[in-house]
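Written out below as structure tokens is the structure these notes cover.
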Amino acid sequence: METDSVKVDSSLWVGTKRYRAVLSGWYFNWTELDKKNREKKTISVPISEVVAVAEGKAEVQPQKRAEDTDRDFTLFYVNRTRGGKRALWCLGRTEFCCPSRDLRDQWVTQLRTALKTHCPSRPRRLLVFVNPYGGKKRAKQVYRSLVAPLFELAGVSTHVVVTERANQARDHILKKDLTGFDGVICVGGDGMFSELLHGVIGRTQQEAGISEHDPTVMLQSCDLHIGIIPAGSTDCVCFATVGVNDPVTSALHIIIGDSQPLDVCSVHHHNTLVRYSVSLVGYGFYGDVLAESERLRWMGPLRYDLSGCLVYLCNRSYEGVVQYLPADPQLSSPRDNMRCLSGCRVCSESTEMLFPHSDSCSSLYSRQLSQYSIGSEGEWMSVEGRYRCVSLTCMSSSCPRSPKGLSPAAHLADGTGDLILVQDTDPLGFLTYLHRHTTSKDQFDLPFVEVHRVKAVRFTLPPGEEDDYHDEERERQSITEGAQGTPKMACNSDVESYGDGSQQYLAAEQEEPGMKDRRRKRRNFLCGLCCSKPPAVSVWNCDGELLPYTEIFCKVHGQLVRLFARGIEDEEGHEENKSCKGRCVLH
Ligand SMILES: CCCCCCCCCCCCC/C=C/[C@@H](O)[C@H](COP(=O)(O)O)NC(=O)CCCCCCCCCCCCCCC
Ligand SMILES: Nc1ncnc2c1ncn2[C@@H]1O[C@H](COP(=O)(O)OP(=O)(O)O)[C@@H](O)[C@H]1O
Ligand SMILES: [Ca+2]
């Protein structure tokens, strides 16, 4: 453990005043005059939050050459500001002037050495995917103006790919050589993150020789970190792992090399992997909202509000049988009001349980789960009924639309998910349930709502329920299976498993032309408002992707991937840096 040995201790000019500055093991402390109230204040920056040290009076924009006087140096570091309730990060910048050039060189050398010593896990080279198509279609501009200058300042090199089609990012990660990259970054929304998630998990299992199609397999956890620069419509994964969806905040978390493990839910249909999810696997309301919103993509983020209203007015509920494997109630519960924040105790305790020292690659829950093989009774619970919505979320799924999220006390890395069952109820009751997502009232404190912390869920239709919605899908499957005799993975991309167990994702072109439109027409709620026979079956929304199956099996894999984040910082925890107006650049 690094001692707190003093590396440099001298007086430095900050602005027009000269004060003492000390670089000890982990911190750089200096004193300066607070411009507003003309009094001295001490600033203390942990080395782990230093972004860069530059000789001279350096600026962030590379085109502004540093005025290289030989006695100055500039420090760039993480500054916490307050954008309303949100704890934003911005780039702090302070110029120091030394009595001599030697002392300046000593400061710069020691600071850079401290950076190298204390922050070995910082990314040096990143693979960046920009989605020009998602959100407000401003991803390129966001990246170029706010993020690229920070990466350049911090000395992080990047290879940027602006995607031209859906699934290009995922295919790139699955097939291309990733040597030398310390992480992959998506500039977009949850759909774009989902592409990188599928690429990173698929690549890791490919290289470990694990077949993703076996629902009880223990997946290999992925070391290649994923970073998100928010530029989408819901941006819920970014919001739930960082606390805000702000490009500069996220870029700074990436630069300092934060690492946040994240649970992932695998979704299977029989022995076929359909999708992975981290934010929401939702049937009923959320599924119908997504199905309806795809036609309104030209509206950007507003499409969810309009389709939300339309779907709400259709007042639909669906029959279903839900079986679930409860998690250990001693550890935590969805009603214990223990929000998952940076350094969360529940998640760190789960790390012990998920990866016991003896066998680091297998997760405890997967072992337990494989004991209860799919068909056995074990501790599986089963409920049947008519539901407004059935949602499974591995995290709080907080997002700008719903600051507390679908399940406010869910944990990012505890190996469990929260299953929320909203039974059929009157429209006002359901509106109350929805509305509580935007207030601090407990959305589970309603008679028709139940929530369970689970490790696995199976959803099936009650016997005799017509799944006409997917019959065409199955027809298509059988036609293609007949042709190729291999199980086709059904989703907007098809996986064809070859003899050698490697898996090639094929692009969505495999779908018959017009199949999607036919499906979507079926769900068109505008005509649905008046149509007599509402569909008996809804559709699954899996992180913003429609699933082509109704009967699915979901399993939570604890801490399967890692993000360049540190969880939601408890706003109260950073009083001292709160007011830093004027010292923030690039905001
Ligand atoms: C009356 C106010 C109702 C507010 C309801 C807020 C519920 C918010 C739930 C947020 C769920 C977040 C789960 C995130 C899923 C995302 O992965 C996924 C993809 O994200 P991407 O577009 O960035 O790729 N996003 C989604 O699937 C969108 C989720 C659906 C949002 C529902 C919005 C409904 C709001 C309108 C309801 C109005 C009812 C009253 C009308 C009289
Ligand atoms: N260049 C592209 N053209 C069309 N679709 C794309 C492109 N790049 C990515 N996509 C797809 O767009 C979808 C939405 O992307 P996302 O960034 O989540 O935006 P939003 O948050 O608005 O949904 C993703 O599912 C992704 O697969
Ligand atoms: Ca979880």
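Indexing begins at 1, ligand by ligand and atom by atom, following the structure's order. The first residue of the sequence shown is numbered 1, and numbering continues consecutively from there. Here the structure is a predicted model, which is why all the values come from computation and not from measurement.
For atom 41 (C) of ligand 1, the closest non-hydrogen atom on the protein side is Cys309 SG, 3.7 Å. Counting only heavy atoms of the protein, atom 22 (O) of ligand 1 lies nearest to Tyr304 OH, 2.7 Å. Among protein heavy atoms, atom 27 (O) of ligand 1 sits closest to Asn541 ND2, 2.7 Å. At the shortest separation from atom 40 (C) of ligand 1 among protein heavy atoms lies Leu431 CD1, 3.5 Å. Counting protein heavy atoms only, atom 33 (C) of ligand 1 is closest to Arg401 CD, 3.7 Å.
Contact annotation for Arg165 and ligand 2: only backbone heavy atoms (N, CA, C, O) come within less than 4.0 Å of the ligand. Neither the backbone nor the side chain of Asp235 comes within 4.0 Å of ligand 2, counting heavy atoms alone. Contacts with ligand 2 closer than 4.0 Å are made by side-chain heavy atoms of Arg297 only, the backbone lying farther away. At a heavy-atom distance under 4.0 Å, only side-chain atoms of Arg303, from C-beta outward, approach ligand 2.
Side-chain contact of Arg275 with Ser194: a donor-acceptor pair under 3.5 Å is present, judged by distance alone.
Backbone or side-chain N, O or S atoms of Met395 do not reach the Ca ion (ligand 3) at under 3.0 Å. In summary, no N, O or S atom of Asp418 is located under 3.0 Å from the Ca ion (ligand 3). For a distance bound of 3.0 Å, the N, O or S atoms of His411 include one lying that close to the Ca ion (ligand 3).
Close approach of ligand 2 to Gly135 is summarised as follows: ligand atoms under 4.0 Å from at least one heavy atom of the residue are 19 (O), 20 (P), 22 (O). Each of the following atoms of ligand 2 lies closer than 4.0 Å to a heavy atom of Gly134: 19 (O), 22 (O).
Paired with Leu392 under the rule side chain to side chain contact (heavy atoms under 4.5 Å, CB included), one option of Ile552, Val457, Ile420 passes, and it is Val457.
Taking distance alone, with nitrogen or oxygen atoms compared against 3.5 Å, Thr438 stays at or beyond that limit from ligand 1. An N or O contact shorter than 3.5 Å is missing between Leu406 and ligand 1 by distance. For Asp190, a nitrogen or oxygen atom sits less than 3.5 Å from a nitrogen or oxygen atom of ligand 1, counting backbone and side chain alike. Remark: ligand 2 and Asn131 share an N or O pair separated by less than 3.5 Å (distance only, no angle test). Between His435 and ligand 1, not a single N/O pair is under 3.5 Å apart.
Restricting Asp414 to its N, O or S atoms, the one at the least distance from the Ca ion (ligand 3) is OD1.
Evaluated by nearest non-hydrogen atom to atom 20 (P) of ligand 2, the leading choice among Ser233, Gly189, Gly544, Ser293 is Ser233.
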